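Quick notes on the structure that follows.
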Protein chains: 2
Amino acid sequence: MSDDLRELPLRERKKLRTRRALAETALRLFTERGYDATTLDDLCDAVEVSKRTFFRNYRSKEDVALAADSDLWSAYLDRVAVARLDGPLLEALRAALNATLEDMDPDWERRFLATRELSESVPVLQSHSLGYCQDTTRAMVETLAGRSGAGVDDTCLRLTVEIFVASWRTACLRWTAQGGQGGRDGLTDLIERTFALIPDALTCAA
Amino acid sequence: MSDDLRELPLRERKKLRTRRALAETALRLFTERGYDATTLDDLCDAVEVSKRTFFRNYRSKEDVALAADSDLWSAYLDRVAVARLDGPLLEALRAALNATLEDMDPDWERRFLATRELSESVPVLQSHSLGYCQDTTRAMVETLAGRSGAGVDDTCLRLTVEIFVASWRTACLRWTAQGGQGGRDGLTDLIERTFALIPDALTCAA
DNA sequence: GGCGACAGTGCCACTGAGTGGCATTAGCTG
DNA sequence: CAGCTAATGCCACTCAGTGGCACTGTCGCC
């Protein structure tokens, strides 16, 4: 994931730099001044880019705020697409998630925590973030269904993926509430414990 | 739920009528012309209301499109708040959902199906709709946690509710894909079958 | 090394969602 | 009928997001 490759054409390098500066500065401004209180003009001013350029890099104000989320999901999808995935699906998906988390850029963790905190406190970001989860779910179901042929019940497959994502979000929520305690390992740990709770969750009494 | 009560003060009646006209017309226009292609000015023109009045009734363009969703969730929350809920929580939540569905206004079913179809095809509505689910989840966890004291593990409780919502959405997705086949009973049926699939979903192989 | 092609950018004008303020209307009350 | 107040209409404004066009820095080619 650490693609600091200076071996790109100069144009690509510049563009990538701009992309990163936008995401980085956006996260800082949104956190410092608040999401609504920060206009895109403010952001573009700070990065010294025109608004038009912003929209060539990100589709919306929400998108740039959730860049760290997006990075994770796209890395995860890539991995699932090529991974072997043997044994119980739910377990395999979790293993792939752990592997993806370990492979993320060292700086990603900090950005991700800030993004999660922001997302918790801004409803529109929350919704948008859930939209990402949904898109990822859909893509995963397609990938997995295509791979195992028509042998697997579609509803069952979808349900598995939905439960996977629900567990991830539950773990993630707690991690964020703890201020990202334990860093990446802490998160992995919470994921493991949350998944272990699933059987209890199905049977626990009111 | 069928609150066609003509026994309200005249002012309230008018306001309610406007609210309903907005939701009804919005659903029709969004379906006929497309969500993006319909501006709020178009809608307000059709209902003969000022845009200012629209925003006194609904918080956003997405809100009015998802009014049927909102109706369901708010009715469901009301029920969960007063229901008895004995036995396994997941089962109790499902029973409460069935009961809520049965109690919905006769016309609600049609509106809901149209809303679901719209939501499937418009990303921003999809996200917003997921936001509703999330808000409902949060509210339910609070209600349930408050009721059973500190005896229940918070993470486990949340996980249960998340799995409940995930199952509902999976059932709902299929119902919508089938064009609402079987109406309300068909939906209830799908819900039952989807919930029955949960154990399989946890163990099914890749 | 100069030169054309072209991706990426800046600038400008525009649409449409959403808000605040204030005057006006219409329903309620005595 | 007169007075109160909630609801509405109207107007002006901010800001997200888009389309068009001119410009410039980078790359490839001779």
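A, B, ... follow the sequence lines: proteins, then strands. Residue 1 opens every chain. None of the values given here were measured: they were computed from a predicted structure.
Looking only at side-chain heavy atoms (C-beta outward), B:Val80 and B:Leu144 come within less than 4.5 Å of each other. The side-chain heavy atoms of B:Lys61 and B:Phe30, taken from C-beta on, include a pair separated by under 4.5 Å.
One interatomic measurement links the two molecules: CG of B:Asp41 to P of D:dA12, which rounds to 15 Å at whole-angstrom precision. Nucleotide D:dT24 holds its C1' atom 16 Å from the NZ atom of A:Lys15, rounded to whole Å. Atom pair B:Asp45:CG and D:dG9:P shows a separation of 12 Å (rounding to whole Å applied). Rounded to an integer number of Å, the gap from CD of B:Glu12 to C1' of C:dC28 is 11 Å. With rounding to whole Å, A:Arg13 atom CZ is found 17 Å from D:dG25 atom P. Computed from coordinates, the B:Leu22 CG to C:dA17 C1' distance equals 15 Å when rounded to whole Å. For the pair A:Arg19 CZ and C:dG8 C1', the interatomic distance rounds to 14 Å; values are reported in whole Å. Taking atom OH of residue B:Tyr58 and atom P of nucleotide D:dT8, one finds them 12 Å apart after rounding to whole Å.
OP1 or OP2 of D:dT26 has at least one side-chain nitrogen or oxygen of A:Lys14 nearer than 4.0 Å.
Closest to the side chain of A:Thr18, from the set C:dT9, C:dG16, D:dT8, is C:dT9.
In summary, A:Glu32 and A:Arg28 engage in a salt bridge, as defined by a charged side-chain N under 4.0 Å from a carboxylate O. A salt bridge links B:Glu120 to A:Arg138: at least one charged side-chain nitrogen sits closer than 4.0 Å to a carboxylate oxygen.
Within a 6.0 Å sphere centred on CD of A:Gln178, heavy atoms belonging to other residues, nucleotides or ligands number more than 12. The neighbour count for B:Glu102 CD, taken as heavy atoms of other residues, nucleotides or ligands under 6.0 Å away, does not exceed 12.
Sorted by residue number, the members of residues 48-56 of chain B with any non-hydrogen atom under 4.0 Å from DNA chain C read B:Lys51, B:Arg52, B:Phe55.
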